[in-house]
Every structure is written in C-alpha cells, then in structure tokens.
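A short write-up of the structure that comes next.
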Protein chains: 2
Amino acid sequence: MQKAAIEKNNEVIAAQLTPVGRETVQDRVYSELRRALIGGLFEPSQVLTIRGLADALVTSTMPVREALGRLITEKALEALPNRSVRVPPITLERIDDLLRARSLIEGEAIALAATRMNPRQIASVEAMLAEWDEMRALKHKKDIDREATLNQSFHFEIYRCCGSAVLIPMIESLWLQSGPCIRVAIYAFSDAGEVDTAHYHRSIVAALAKQDAQAAREALVADISRPFAFLRDKLQSAKDPI
Amino acid sequence: MQKAAIEKNNEVIAAQLTPVGRETVQDRVYSELRRALIGGLFEPSQVLTIRGLADALVTSTMPVREALGRLITEKALEALPNRSVRVPPITLERIDDLLRARSLIEGEAIALAATRMNPRQIASVEAMLAEWDEMRALKHKKDIDREATLNQSFHFEIYRCCGSAVLIPMIESLWLQSGPCIRVAIYAFSDAGEVDTAHYHRSIVAALAKQDAQAAREALVADISRPFAFLRDKLQSAKDPI
DNA sequence: ATTTTTGATTTGTGATCACACTTGCTTTGA
DNA sequence: TCAAAGCAAGTGTGATCACAAATCAAAAAT
C-alpha cells in the first residue's frame, strides 16, 4: 500500500501549481462592464446594445445579454420600456438619494470596521495611503483613472473589515449606481483645480486607528459627500438634465 | 385637417382600454421565483437546476437561466463552485447580518416615510390593518401564506412612501435574502403558538400617524427582530446547520 | 411643405444544438 | 473485499437561428 506515498507526491505537485480557476465568459463580460461603469467610461443616458457590446468584447451575444440582465437587476443599468437598456440618467433627486443611501450604509460598514480592525489591517490601509501620497508626489500630471482605482481599493479594503457579507454587496451595488455620476463630478473637479482628497482619507484612518467609530463615520461621510455636493451644484446651475 | 378630431378619438379609445403590458417570459419566471423565495417555498440549501425549473414552469431553459443569474447577483441564490445553484444555507452569522442590515435600511426608510406620509396614505395603511384584523377574526385556522402576503403588502406600502428609488430595491433584495430564513421561523412560531404580530403593526402606524420617525423606527425594528430572534434561538439550541 | 405610409435594417427574445464538465454507478483489477 | 478506473446520465455554458417588435429613412399623399 503506497497510498501514503501517492498522497505525499500529490501534495508536492499541489504546492508548486497554482489553481487555474474557471471563469466563464459571462463572468468576464460582467466584470468588464462593472469596471467600465464604476470607472465612468459610459455616459449617463447612453444606450447600450447587446450586439454592439458583443462585438466590442469579441464574444457572442449570449454572455452579454446575461451580464446586462444582472446589471439591470442591481440598478446599474436601466431597462427602458422599448426593451433597450441605457445607463441611468443623472437627476437631482437621484444624486441626493444615492448620497443618502451611501452615507447610511457605508457609514454603518465603517463604524463596524472601526471596532473590528486589528493593528495589521490598520497598518495595511496606512501603507496604502502612504504609497498613494508617494505616487501623487511623483506624478505631476494627475492620472484620474489611477486615482479612482486607488480610491476604490482604499474604501473597500476598509469595508471588508466590517465582516458583513450582506452589506458589502450592497455597497458594491451603490458604487455601481453612482459610478457614472461621480465620474462626471471628478472630471469637473479636476478642471476646477480641486484635488485634496488626501485630507479626508487621513482623517478616516486616524479615526480607525483610535477605534473611534463615530469619527470614522463622520469622516467617511464628508469624503463621499464632496463629489456629490459638487455635482449637485453643477447640475443646479446648468439645469442640464443629462 | 381633422388632426384634432383624430387626436380626440384616440383619447376616447385610450380612456376605455387598459394597457396590456408586454411582460417577457423571463420576467414571469423571475417574478415567480421571487415569489417562491420570499414565500419560503424553497428550503435553505436546496439545489435548483435550470432544466428542472424550466420543466416545472413549462418553458425552455433560456428564460430560467437568465432569471437565475439575476437572482444570484442579488444574493437571493448562491452559485456553487460546481456551477450549480442553491438557496443559501442558514447560519448564525447570516441571521445576525441580515437582521442588522434590515434594521438599518428599513429603519431609515420608515423614518423617511414618517416625515413624508400624507393623511391619505396613513389612512390607507390603517385600512389595511383593519382589514387584516377582520380576516384574522373570521378565520379560525391561520393561513400562513395569506398572513405573509399581507405582512409584505403592509411593509412595502409604507416603504414606498419614503420616496427613495435607491432604498426600496435594496429592501426588496433583503426580503429576498431573508425569505427562506423567515419562513422557517414563522412555521416554528406557528407551532409554538405565537401569533401576535398585530401589536407591533399597530405601534408602527401609531408612530406614523404622529409623524414620530424615531418611534416608527423602533417599532419597526422590534417587529422585524422577532422572527430573527426566534430563529436564532432555535438554531443555537438545535445546532443544526441547515 | 408637412404628414403619413411604406419598406429595410436593427434589436431583443426565446428555442435549440453542441460541447465540456460533473456526478453517480458499474465494472474491473489487485 | 475494497479501491480505482470507466462509463453513462445529467447539467451549465456558449453559439446560432427564427421571429417579432422597434427604429429610421425614403417615398407617397395630402
């Protein structure tokens, strides 16, 4: 009976090989569309067609239509009565609505995280912030896409520590919904010369380090409110229902 | 130029006819599965197959697979690594997690509703409650399905008044996720002889009538906490990870 | 010149098929 | 007797086709 020997051999093999994973085409399409949506690559009110996306992503229509269906159910996209789908338009009510929901839920998540984060996790987000500052110091021209990605990583690194498998998907859905709006605001920001998000982020990690849930919540709300408030003003003055 | 006359005629016709709607098969499948899930017709951990459901619903596999995909993204169902899908199992952490999220979000929704409901809307939910009492008085044997449906109508009639297009879909998703758990609790309840949900509901409408947002929130949290607490105890004593 | 009608193209939906993977059972070998 | 190999039924995924509805542009009618 060489059973033990075989077992041993398998373990050796397993140690050297990394699992290959079996992501479906549909999953890749879904991820790609999510990325585009959060990154603001699609404009509000833009209409998307199944065949158009399938051509762009070089697949058949099947994975695309299923991905679109999923995005519609989480309100990241909108199904028109004509059965065509578009990214939801920006309205004043929607902006306020999204901000309220995000403040409520992300605030709760960070409050939970504040009580649960261990020193290692706090050090991790601090390191992330330092790396971010460094990058910002090096690059003269600001790379908006990179900024957005880092911002996303920063927030979700914290949210993950709240330990709620229910809240986190909701937050992802909210980011998906506010992605197109936010991106419009960020670009406007950038033109207006404002950039200092770093200050808010430092307040957040300071509060987390002190395990001060209430302060963390307030700092976070201040952070996410800023682009929404900016967008709100812009929309009110422009009275341009995109 | 009889343009005005034709217009008029069309209006007359439109006034008599009720829009027929163009629900797709996929939508019907989705609604049906939602209903089943919220109603607790599926057991936690139960595995669902596309072809099985397609046979049961008398359609092809196509609408079913898309409906399943949508339910998976809103965490009403769970995709196993084997690519099979099941209704999520009940665990202690999940129960606490769901209760926390529901208290937070439905609490916010009812607090908003308390400040926004007009007398007509309040009268409407009061009427609903009265009708409910009446039904309960008539029927000796309690009809759990009917109870659940009325409870759902009652809650969402109120939530709709919060005026948030973002919060309401989230609440629907939460009901979808807690449906299977709740149903287990309700049945256990029923066996244990407890039934008095009416008391909680009366507290809720009383608070709403007084426009007391905080009281409404507290009454609501008490209402939704009860089955969760019951289920929690049951699960802890049975140590039976369904 | 403006409106209506007609026709061609595009689009979403549902059905069906082919393929790969999983699963459970039987058979084979030690 | 028992574990491993092999086989067969079942299952999810993606591609393709058919069809109906929507959209748009040109042509016809007023």
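Order of the sequence lines sets the chain letters (A, B, ...), proteins ahead of strands, with each chain counted from 1.
The CG atom of B:Asp55 sits 13 Å away from the C1' atom of D:dT11 (whole-angstrom rounding). Distance A:Arg28 CZ to D:dT13 P: 13 Å, rounded to the nearest Å. When rounded to the nearest whole Å, the span between CG of A:Leu53 and C1' of C:dT11 equals 13 Å. Straight-line distance from the CD1 atom of B:Ile72 to the P atom of D:dG12: 10 Å, rounded to whole Å. Separating the CG atom of B:Asp27 from the C1' atom of C:dG14 is a distance of 13 Å, rounded to the nearest angstrom. Atom CD1 of A:Ile50 and atom C1' of D:dA15 are 14 Å apart (whole Å).
Checked against D:dG14, D:dT13, D:dA15, the side chain of A:Gln26 finds its nearest nucleotide in D:dG14. Of the candidate nucleotides D:dT13, C:dG12, D:dT11, D:dT13 has the atom nearest to the side chain of A:Thr24. Candidate nucleotides D:dG12, D:dA15, C:dT13 were compared by shortest atom distance to the side chain of A:Met62, and D:dA15 ranks first.
At the heavy-atom level, A:Leu48 lies under 4.0 Å from the strands shown only through sugar-phosphate atoms. No contact: A:Glu66 has no heavy atom under 4.0 Å from any strand.
Annotation: salt bridge (charged side-chain N to carboxylate O under 4.0 Å, His left out) contacts of B:Asp27 (sequence neighbours excluded): B:Arg70. Scored by the side-chain contact (heavy atoms from CB on, under 4.5 Å) test, B:Glu93 finds B:Thr91 as partners (sequence neighbours excluded). Evaluation of the side-chain contact (heavy atoms from CB on, under 4.5 Å) rule for B:Met62 yields A:Met62, A:Arg65, B:Ser60, B:Arg65, B:Glu66 as partners, not counting sequence neighbours. Under the rule for a side-chain contact (heavy atoms from CB on, under 4.5 Å), the partners of B:Cys162 that lie at least two apart in sequence or sit in another chain are B:Ala109, B:Leu112, B:Ala113, B:Ser164, B:Ile168. For A:Arg146, there are no salt bridge (charged side-chain N to carboxylate O under 4.0 Å, His left out) partners, not counting sequence neighbours.
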Polar atoms only, N or O, under 3.5 Å: list the protein pairs with nucleotides 17-23 of chain C and their distances.
from	atom 1	to	atom 2	distance (Å)
C:dT23	OP1	B:Asn82	ND2	3.2

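Although no hydrogens or angles enter the test, the distance criterion places a donor-acceptor pair under 3.5 Å between the side chain of A:Asn118 and the main chain of A:Arg120.
A cation-pi contact, defined as under 6.0 Å to the ring centre and within 45° of the axis, is absent between A:Arg34 and A:Trp175.
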